[in-house]
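Single-structure report; data block below.
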Amino acid sequence: MIRYGIVGCGHIAKKHVAAIKAVEGAELVAVCDTNEERLSEFAVDGVRGYTDLKDMLASDVDVVCICTPSGIHAPLTIQAAEAKKHVIVEKPMALTLEDADRMIDACEKNGVKMAVVHPNRFRPAVVELKKQLEQGAFGKIGHANATVRWNRNQAYYDQAPWRGTKAMDGGVLMNQAIHNMDLLLWMMGDIEEISSYHATRIRKIEAEDTSVSVIRFKNGALGVLEAAVTIYPKNLEESLSIFGEKGTAVIGGPTANWIKEWKFEGLPDEEAQNTIRRVEEDPFGIPGHQCIIQDMTEAVLNDRKPVVSGEEGRKALSFVIGCQLAADQNRPVKMDELNRK
């Protein structure tokens, strides 16, 4: 059994608990939080509770899941790595590239594995889209688009002092759209240049609530990213679209779980409709957090790198940082500026 511990007993930790329980070969043995009331909700059924991470790291835990506010992911990850524990860290892995590099280096130096939680890669519709790309079904790709039109009302930001801050939350790109940015990179490859605008238009927060970016990928294709948490009165849509000389695919819905368009040269309409129906029968599939836990469990047992590694998490983070830098400095940003030295 691979023994898991969780740091940070907030909302997202519940997904980790459910995922660990669902994975054969994984076992939740410990939780840690400085708030004893929150801790007591998780330290049940034989799961040990700790108010000091140092004490939990001295136990028999094999993997630590970091579920704290984003701004403290880096020091906790490094502390776990130095205790020779593997790490699963929630998105974003950090709020700066310097911190991300320190995390990657700490895990490499101590011979432990790190995975970053980007669970949308495991959605059935996304998996089908990735297959088409790998098979070359689009031919030459013209452009791609990712849209996050969501609602996070003022009450959402007011419920915790760290929400909406630059130091702990990071804004709509860092805290909401980073999953979609990860998917754009996973589908389209590395970015050459970004131009971006962002604003804090409606929410009373420090970070941006609205952002629009234009991207040029290294393969020559273009991209558009739109993200907002200001949509009235509730989440409207999340979508990922790719357009090529021989194919059009759009994944959408309130969350990007449904195939809206699926047309490829030489693909019979009946076969396309079968794919759409198959996804509609189970649009959410196995929960993404469960896939992340399953992958880490297998990575530890088989001594391989997790699928969504620290390096993969850094790519998504650098995308966010690139957009923010382009907006803040009112200039196009070459992504080579942000590559790991």
Could you check whether [X] pairs with [Y] (Lys NZ or Arg NE/NH1/NH2 to Asp/Glu carboxylate O, under 4.0 Å)?
X	Y	answer
K263	E261	yes
E245	K140	no
K334	E193	yes
R201	D209	no

Within 6.0 Å of [atom1] in [X], more than 12 heavy atoms from elsewhere:
X	atom1	answer
Q329	CD	yes
E270	CD	no
E37	CD	no

Between [Y] and [X], do the side chains contain a donor N or O and an acceptor N or O under 3.5 Å apart?
X	Y	result
T210	Y197	no
H118	E90	no
K85	N110	no
Y157	R203	no
T147	N145	yes
E298	N302	no
H198	D328	yes

Should [X] and [Y] count as side-chain neighbours, where that means a heavy-atom distance under 4.5 Å?
X	Y	value
I88	V64	no
Y4	M296	yes
R331	L325	yes

Partners meeting salt bridge (charged side-chain N to carboxylate O under 4.0 Å, His left out) with R278 (sequence neighbours left out) |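 E128.
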
I'd like to know if the side chain of [X] reaches the main chain of [Y], judged simply by a donor and an acceptor atom lying under 3.5 Å from each other, with no hydrogens or angles considered.
X	Y	answer
Q294	V23	no
K130	M187	no
H16	H289	no
E208	L173	yes
D169	G164	yes
H73	P92	yes
S309	K305	no
N151	I231	yes

Scan K113, R121, R304 and name whichever one has a salt bridge (Lys or Arg N to Asp or Glu O under 4.0 Å) with D295.
->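 It is R304; the other options fail the test.
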
Has R123 got its NZ or CZ under 6.0 Å from the middle of the six-membered ring of F284, at an angle within 45 degrees of the ring axis?
->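 Relative to the ring axis of F284, which defines the angle, R123 lies outside at least one limit.
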
Are V148 and I202 co-members of a hydrophobic cluster defined by side-chain heavy atoms under 4.5 Å apart?
->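 Not linked; separate clusters.
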
Do I12 and I72 share a hydrophobic cluster, counting only Ile, Leu, Val, Met, Phe, Trp and Tyr and linking them when any side-chain heavy atoms are less than 4.5 Å apart?
->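 Unlinked, I12 and I72 end up in two clusters.
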
